[in-house]
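Just below is one structure, and these are the notes that go with it.
Small disclaimer: the values here were computed from a predicted structure and weren't measured. First the proteins, then the strands, lettered A, B, ... as listed; each starts at 1.
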Amino acid sequence: MEKTGVSETSKKERRAIRKALVSWFTANQRRLPWRETTDPYHVWVSEVMLQQTQVNTVISYYKRFLDQFPDIFYLAAADAQDVLKCWEGLGYYARARNLHSAARRLVAENQGRIPCEWAAFRKLPGVGDYIASAVLSIAFGKPYPMVDGNVKRVLSRLFAINAPVNRSASYRIFRETARMLLDKTIPGRFNQAVMEVGAIVCKPRRPDCDACPVRRWCRALADDRVAGYPVRIKRTPVPEYRMAIGVVAKGRKLLIVQRPYDGMLGGLWEFPGGVRQSGESAASACARSVGETVGLEVEIESRLTRIRHAYTHFKVVADVFLCRYRGGRVRRNGPIAHQWVLAKGLSRYPLPGSHHKFIPALLENRSI
DNA sequence: AATTCGGGGAG
DNA sequence: CTCCCAGAATT
């Protein structure tokens, strides 16, 4: 039997690994805003933002969010649209909706206190194993292991774990490995130490093994197989959709519609549009989809621009048209709300990242 | 157990 | 371009 798991590591070795990780962290950690505090609300907000999102992207959002919603009571009292506006551009908008919903529930049912017990906190919307472990270990010192992309990468190399990191069945292996390695006397610091090593040293590409505090124990390095970890199963290539978007002008006002709260880009506002059908020109697709989603007759005036945008599971190439309102009354088919707004008023609404690729061009257009 | 949720940075 | 990020909910 090949020696691959943490269970093959002696208790003495595990103690040494823990000490090496935490010592390295003490000397080398980055100063990050959410490390200046152990306030559970602050930790919670930071960890939600950090899901699938890189540290440098989060910093400014984190500061702005806490500036606007300094504690759980401010957040609970806020309008959903204001929370989304604060989240605009960060992506995965269900995170914001769930955080907001959880804050409201705790204020209504728990005097605004964040539960320090696993079961009570874990069942809140948007709180999975990772967030629960993060808040409970960092803010409350509870011994739960955090298992994120960094941790899985570090552990997969350290113990030569061949389970693919992006397969759901592998999760229990990594969680169990992390649990056995966890330093229960300082769980928050230990968890962050592993993640920081993953972010700074044990990087996805070109890991800096020379600087690694646990290189003495790294099975992948010993086998000269570091580049072979973590094991990952390939994703199928994503499809590309051609779309048409209509900026419908009536006088100086433009029509925007709001997407349903569930589903992709939930609650955000956008210009109406749709997917081009095969053999259909972009302009006629624009007129057709505007008719289908808001029931208006429009005349295509000009093509503003073409944008490309990549989502996780598909790509979009969209032609954006300036349209003149010609007739009809708004009858929504899909959107949950609509609004006629001046171009300069667009900034008050949370819009998808794709729209920010053409709104500057829109604002410079003289006919608006 | 796989898929669906954004967007951006690094190479 | 491709990969992947301090994941959770849904199917």
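At the heavy-atom level, A:Trp34 lies under 4.0 Å from base atoms of the strands shown. Residue contacts shown for A:Tyr92 include a base, since a base heavy atom lies under 4.0 Å away. Within 4.0 Å (heavy atoms only), A:Asp129 reaches sugar-phosphate atoms of the nucleic acid but no base atom. Note on A:Val55: a base of the nucleic acid sits closer than 4.0 angstrom, heavy atoms only. If you check every strand for non-hydrogen atoms under 4.0 Å, A:Gly89 touches sugar and phosphate atoms only. Among the atoms of the strands shown, base atoms are found under 4.0 Å from some heavy atom of A:Leu32. The residue A:Ile131 sits close only to the backbone: its heavy atoms come under 4.0 Å of sugar-phosphate atoms, none of a base. Heavy atoms of A:Arg175 sit nowhere under 4.0 angstrom from any nucleic acid atom. Heavy atoms of A:Arg153 sit under 4.0 angstrom from primed sugar atoms or phosphate atoms, though from no base atom.
Side chain of A:Arg205, nearest nucleotide from B:dG9, C:dA6, B:dG6: B:dG9. Looking at the side chain of A:Arg235, the nearest of the listed nucleotides C:dA6, B:dA2, C:dC4 is C:dC4. Of the candidates C:dG7, C:dC4, C:dA6, the closest approach to any side-chain atom of A:Pro204 belongs to C:dC4. Ranking B:dA1, C:dA6, B:dT4 by closeness to the A:Ala169 side chain, first place goes to B:dA1. Nearest nucleotide to the side chain of A:Thr312, out of B:dG6, C:dA6, C:dC4: B:dG6. Of the candidates B:dC5, C:dA6, B:dG6, the closest approach to any side-chain atom of A:His313 belongs to B:dC5. Of the candidate nucleotides B:dG8, C:dG7, C:dA6, B:dG8 has the atom lying nearest to any side-chain atom of A:Thr57. Nearest nucleotide to the side chain of A:Lys315, out of C:dT2, C:dC4, C:dA6: C:dT2.
Comparing A:Asn56 and A:Tyr311, the nucleotide of DNA chain B nearest to each residue sits closer to the 5' end for A:Tyr311. In terms of position along DNA chain C, the nucleotide closest to A:Arg308 lies nearer the 5' end than the nucleotide closest to the other residue of the pair A:Arg308 and A:Gly198. Along DNA chain B, the nucleotide nearest A:Ser168 and the nucleotide nearest A:Phe314 are compared for position; the residue whose nucleotide lies closer to the 5' end is A:Ser168.
For B:dT3 and C:dA6, the P atoms lie 24 Å apart once the distance is rounded to whole Å. Using P as the reference atom, B:dG6 and C:dT11 are 15 Å apart when rounded to the nearest Å.
Seen from the ring of A:Tyr61, A:Arg64 counts as a face-on cation partner, given the 6.0 Å and 45° thresholds.
For C:dG7, its base never sits under 3.5 Å from the side chain of A:Tyr130 at any donor and acceptor pair.
Checked by atom type, the side-chain pair A:Glu36/A:His42 shows no donor-acceptor distance below 3.5 Å. Side-chain N/O atoms of A:Tyr171 and A:Asp129 include a donor and acceptor closer than 3.5 Å. At a cut-off of 3.5 Å, with distance as the only test, no side-chain donor of A:Tyr92 or A:Gln52 sits close to an acceptor on the other residue.
Rounded to whole Å, the distance from NZ on A:Lys152 to C1' on C:dA8 is 12 Å. Regarding A:Lys234, its NZ atom lies at a distance of 14 Å from the C1' atom of C:dC4, rounded to whole Å. C:dG7 atom C1' lies 10 Å from atom CZ of A:Arg122, rounded to whole Å. Rounded to whole Å, the distance from NE2 on A:His309 to C1' on C:dC1 is 16 Å. Distance OH (A:Tyr261) to P (B:dC5): 18 Å, rounded to an integer number of Å. Regarding A:Leu90, its CG atom lies at a distance of 10 Å from the C1' atom of B:dG8, rounded to whole Å. The CZ atom of A:Arg30 sits 10 Å away from the C1' atom of C:dA6 (whole-angstrom rounding). We find that CE of A:Met264 is positioned 11 Å from P of B:dT4, with the value rounded to whole Å.
Put simply, A:Arg232 has no side-chain N or O that comes within less than 4.0 Å of OP1 or OP2 on C:dC3. Contact annotation: A:Gln54 side-chain N/O to B:dG9 OP1/OP2 distance is not under 4.0 Å.
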*Does the pair A:Arg18 and A:Phe190 meet the rule for a side-chain contact (heavy atoms from CB on, under 4.5 Å), with working shown?*
CA-CA 7 Å; A:Arg18 287 180 193 119; A:Phe190 174 83; 3.9 Å; yes

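Checked against A:Tyr62 for a ring-ring contact (aromatic ring centres under 6.0 Å, His included), the options A:Trp87, A:Trp34, A:Trp44 give a single hit: A:Trp34.
One distance of note links NZ of A:Lys357 with OG of A:Ser354; it measures 7.5 Å at 0.5 Å rounding.
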